[in-house]
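Convention: sequence-line order gives letters A, B, ...; per-chain numbering from 1. Owing to the predicted nature of the structure, the values given are computational and were not obtained by experimental measurement.
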2 protein chains.
Amino acid sequence: MVGGPIGDPAFEDLTARARIRDAAIRLFAERGIDGTTVRDIAQEAGVSPGLLRHHFGSKEALREVCDAYALDRLVKIKEDLVFEGKVATPGFLPSVHPTIVLLYRYLTRALLDGSSGAAAMFDDMVTLSEQWISKHAPTVTEDYRAYAAVFVGMQSGMLAMHEHVSRALGVDIFTTEGHLRMAGALADFYSHPLLDPGFVTKARAAMEPLRAPNPPTATGTDPGAEGA
Amino acid sequence: MVGGPIGDPAFEDLTARARIRDAAIRLFAERGIDGTTVRDIAQEAGVSPGLLRHHFGSKEALREVCDAYALDRLVKIKEDLVFEGKVATPGFLPSVHPTIVLLYRYLTRALLDGSSGAAAMFDDMVTLSEQWISKHAPTVTEDYRAYAAVFVGMQSGMLAMHEHVSRALGVDIFTTEGHLRMAGALADFYSHPLLDPGFVTKARAAMEPLRAPNPPTATGTDPGAEGA
DNA sequence: TAGCTCACTATACGCTCATATAGTGCGGCC
DNA sequence: GGCCGCACTATATGAGCGTATAGTGAGCTA
């Protein structure tokens, strides 16, 4: 059963430790790491800030526990879904289980705030996508790795931009209604070519000169100017 | 050399006000608003924190100046490029002008950190994309608005994830080499359908039951197994 | 020369944060 | 019964932040 603390929390008789961890995941996902104080988390969990330190040692350690937990839980939920034979394309998942939405939001934040665990997950997803593409859609590109990296980056990036996508759509994409509208557009996006090949060929040709060893950005990143 | 102002302008003998603004844009883009202190900005600009207040009044006011400046400058640069008849598809731009990279990074950060100016720009881009699609690629979708919102969200979102995309690729997408590789994948992405229509139709059908007036956040019970 | 303006610096204030420590009540074990 | 261990709270500490203010010197005007 996919039942568990965070999504369908069921009951308030969780251990204080679990309540702190769940509150942290919720707040980190919403406000980011730096935007969340240990006091906020403690209040959300209904405990004192001191207890947080008692159980986790530090904010950073709590964050690592949250990372590991969110990753683990998401994997388990996905395994459940796969076993039940449900649609497993990442973009279609969030509507079926509120917990997934929360965990995705958390991991997206972790990606933006720089978590090593989330970064590893990103890399895994790229590798998985790469394999999937080379197996099921080998004709879409010659550079599987780049295609997969762009694919995963776009997918997770759109989640990071959910606030703006929702505003442009007039409906929150984390509600069922909003998600359906977004998923529909996504399906169109994945199944119909947007640009005609002629244009793309022309664009590629236009970019070609840049490939020369000419230094268009030879100055790169600040050699000398700043004082440390 | 690049220790100079922000793009082409040129020299280190800018007014202190301009140096502060440019330093702020650089640091805000790299570390985010909250991750940057006025002391950092002052040091990067080679002035005292007090001068920052003298010229801009507050950190928030400085940020608004940066927003307006970045927006304005990006528009001007794009106009220049259009006048010169260069490729104008957003994804292809960044390689040609280092300043564009910086400004895009800044605006992406502003989007994530919640700037009203950047949000307005996002909405403009969605509307522009919507018009472009309905005119030049009217067959890709029936929901132009959602398609455009997803498109812009993905595009800007990938920029937000640049660190991870770069790591997965093994090359920084803000260098010329990395950008070319990314742009190539993007071109493939836009010109070849990834999913076959049959699968998409099936996925749509699977989502259909969700469209019922079920309460999205109903607690206690799973909102039913998803079709199929 | 005197006097004014203003870009600019040095330093201090007040606040919030993560972290640290001291203290309390309660259940299990001999 | 008496003690120990542990979940838990209340409060203190020190660092770092944005902001505020007093002071300084160069350049202008008359």
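Checked against salt bridge (Lys or Arg N to Asp or Glu O under 4.0 Å), B/D143 has the following partners two or more places apart in sequence or in another chain: A/R181. For A/E44, the salt bridge (Lys or Arg N to Asp or Glu O under 4.0 Å) test picks out A/R26, with sequence neighbours left out.
Among residue pairs with one or both ends in residues 150-172 of chain A, those qualifying as salt bridge (charged side-chain N to carboxylate O under 4.0 Å, His left out) are A/R167-B/D123; sequence neighbours excluded. Here salt bridge (charged side-chain N to carboxylate O under 4.0 Å, His left out) pairs that include residues 110-122 of chain B, with residues two or more places apart or in two chains, number zero. The side-chain hydrogen bond (donor to acceptor under 3.5 Å, both in side chains) pairs that include a residue from residues 31-40 of chain A are A/R31-A/D40, A/T37-A/D40, where partners are two or more places apart or lie in different chains.
Distance, B/R31 CZ to D/dG16 C1': 15 Å, rounded to whole Å. One can place CG of B/D40 at 7 Å from P of D/dC17, the figure rounded to the nearest angstrom. To the nearest angstrom, P of D/dA7 lies 14 Å from CZ of A/R19. Nucleotide D/dC8 holds its P atom 11 Å from the CZ atom of A/R17, rounded to whole Å. Atom C1' of nucleotide D/dC8 and atom CG of A/L52 are separated by 12 Å, given to the nearest angstrom. The distance between atom CZ of B/F56 and atom C1' of D/dG18, rounded to the nearest whole Å, is 16 Å. Rounded to whole Å, atom P of C/dT19 lies 9 Å from atom CD of A/E60. Atom CD1 of A/I41 and atom C1' of D/dT9 are 18 Å apart (whole Å).
The phosphate of C/dA7 has OP1 or OP2 within less than 4.0 Å of a side-chain N or O from B/H54. Within the 4.0 Å cut-off from OP1 or OP2 of D/dC8, at least one side-chain nitrogen or oxygen of A/H55 is found.
The nucleotide whose nearest atom lies closest to any side-chain atom of B/K59 is, among C/dA18, C/dA7, D/dT19, D/dT19.
Between A/H179 and A/F174, the ring center distance fails the sub-6.0 Å criterion.
Listed for the A/K59 side chain is a donor-acceptor partner under 3.5 Å among the backbone atoms of A/I33.
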- Heavy-atom contacts, protein to nucleotides 10-16 of chain C, under 4.0 Å, summarised as B (base), S (sugar-phosphate only) or - (none) per nt, yield B------

